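Below, chains carry the letters A, B, ... as their sequence lines are ordered, and counting in each starts from 1. What you are looking at is a predicted structure, and each value in this text was computed from that prediction instead of being measured.
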2 protein chains.
Amino acid sequence: MNIGQASAASGVSTKMIRYYERTGLIKSADRSAAGYRVYTKSDVHTLQFIRRARDLGFSVAQIEDLLPLWNNRERASHDVKVLAMEHVEQLCAKVAEMEAMIATLKHLAENCTDDDRPDCPILKDLAEGRHGECASPPENRFGVARVG
Amino acid sequence: MNIGQASAASGVSTKMIRYYERTGLIKSADRSAAGYRVYTKSDVHTLQFIRRARDLGFSVAQIEDLLPLWNNRERASHDVKVLAMEHVEQLCAKVAEMEAMIATLKHLAENCTDDDRPDCPILKDLAEGRHGECASPPENRFGVARVG
DNA sequence: GCTTGACCTTGCCACGGTGGGAAGGAGTAA
DNA sequence: TTACTCCTTCCCACCGTGGCAAGGTCAAGC
């Protein structure tokens, strides 16, 4: 199986397959006489695993921890759960940050006259940093936010 | 005022001030005889504006749209509101994606024995893509997620 | 004066993931 | 043979931020 087929079967682009190989996330594929990468069903299975983990928001670094657990029959399910819950924590933190931003912006937008006059609480807030003089979650007042 | 003072006063790192200048987000600063960048209170004001907009999750590209509106006394508050609400939409979309991931992961983790046995619904799901054979939001089933 | 230390300058490199594209080889089908 | 698709490697881009290095400047203290 060439890289194109492995890509189609796994949903991981050829670009990314080569990238994962280069960075050591997956082992180097065997090569045909002509130098083409050759994949087995098992390799595709691994790629699918990676793809699904990415879809669930795991970083490549986290998947690096997940893969050996997946391959290790001696693993403790506890270890996996710890990784998963750590990831959930990270996701929740980001969600909380964004929720705070959304709340602030919505509040500002509500006070916006929304017409052709130049008075605008949104710009005013951005300029003066008062965050609408009310109701905005405290995390936002001190620049903690920034989701990155 | 040198770049260091402008940085301290605005909360934007010197690195980022130079970056914003290089990429054209802010105008090139005047220079002293020795070539040092020189800033005015007004420049600091602009940097604070940028900083607060970043804290609210606006991208640099979005701020590029916001700045002229801020500087333009003829602006219509409607235009600002549109930009802000577009941004809120984007934030909401990301939040929804992440909430879906969180829900899926939590559901999987709940079914985890959380001990030293190797059976693990989380890894099983990642390998087989059934997403816990229930309850997971449909968006997740087909790889739509992936937050970036 | 001279030294020291804090500050400034530019430049390059890195991150995480992903895509684009070029230049050239390999395979396959008509 | 030709034509087309696929493969290879290599470099470049995004975005926003930080780090480090080599060198210039400035102000304070001796």
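- Here H45(B) contributes atom NE2 and S42(B) contributes atom OG; the two are 8.5 Å apart, rounded to the nearest 0.5 Å.
- The nearest whole Å value for the distance from the CD1 atom in I3(A) to the C1' atom in dG25(C) is 16 Å.
- In this pair, F49(A) and W70(A) present their aromatic rings parallel. The plane angle is below 30°, not in the 30 to 60° band.
- At least one side-chain nitrogen or oxygen of R54(B) sits closer than 4.0 Å to the OP1 or OP2 atom of dT17(D).
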query: Where do Y39(B) and D30(B) land on the side chain to side chain contact (heavy atoms under 4.5 Å, CB included) test, with the steps shown first?
result: CA-CA 7 Å; Y39(B) 296 90; D30(B) 292 335; over 6 Å; no
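- Remark: the D43(A) side chain and the T46(A) side chain contain no N/O donor-acceptor pair separated by less than 3.5 Å.
- With rounding to whole Å, Y39(A) atom OH is found 14 Å from dC6(D) atom C1'.
- When the salt bridge (Lys or Arg N to Asp or Glu O under 4.0 Å) test is applied to R31(A), the partners found at least two apart in sequence or on another chain are E21(A).
- Remark: of the listed residues I63(A), L66(A), V60(A), I63(A) is the sole one forming a side-chain contact (heavy atoms from CB on, under 4.5 Å) with I50(A).
- Defined by atom type and a distance below 3.5 Å, a donor-acceptor pair is missing between the side-chain atoms of Q62(A) and E86(A).
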message: Set out, in order, the CA-CA distance, both residues' side-chain angles and the distance that settles side chain to side chain contact (heavy atoms under 4.5 Å, CB included) for N2(B) and R37(B), then state yes or no.
response: CA-CA 6 Å; N2(B) 285 342; R37(B) 287 175 181 81; over 6 Å; no
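- In this structure, T14(A) reaches neither bases nor backbone, as no heavy-atom distance under 4.0 Å exists between it and the strands shown.
- Look at Y19(A) and you won't find any side-chain N or O under 4.0 angstrom from OP1 or OP2 of dC10(D).
- At whole-Å resolution of the value, CG in N2(A) and C1' in dT28(C) are 12 Å apart.
- Scanning residues 23-38 of chain B for heavy-atom distances under 4.0 Å to DNA chain C yields R31(B), G35(B), Y36(B), R37(B).
- Within 3.5 Å, a donor on the side chain of K15(A) pairs with an acceptor on the base of dG21(C), or the reverse.
- Atom CZ in R18(B) sits roughly 13 Å away from atom P in dG19(D) (whole-Å rounding).
- Each of dC8(C), dG17(C), dG16(D) was ranked by its minimum atom distance to the side chain of V60(A); first place goes to dG17(C).
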- prompt: Based on Watson-Crick and G-U pairs with both distances under 3.5 Å, what dot-bracket line describes DNA chain D 5' to 3', crossing pairs as [ ] and inter-strand pairs as |?
  reply: ||||||||||||||||||||||||||||||
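- Two residues are said to be in side-chain contact when any heavy atoms from C-beta on lie closer than 4.5 Å; S32(B) and V38(B) meet this criterion.
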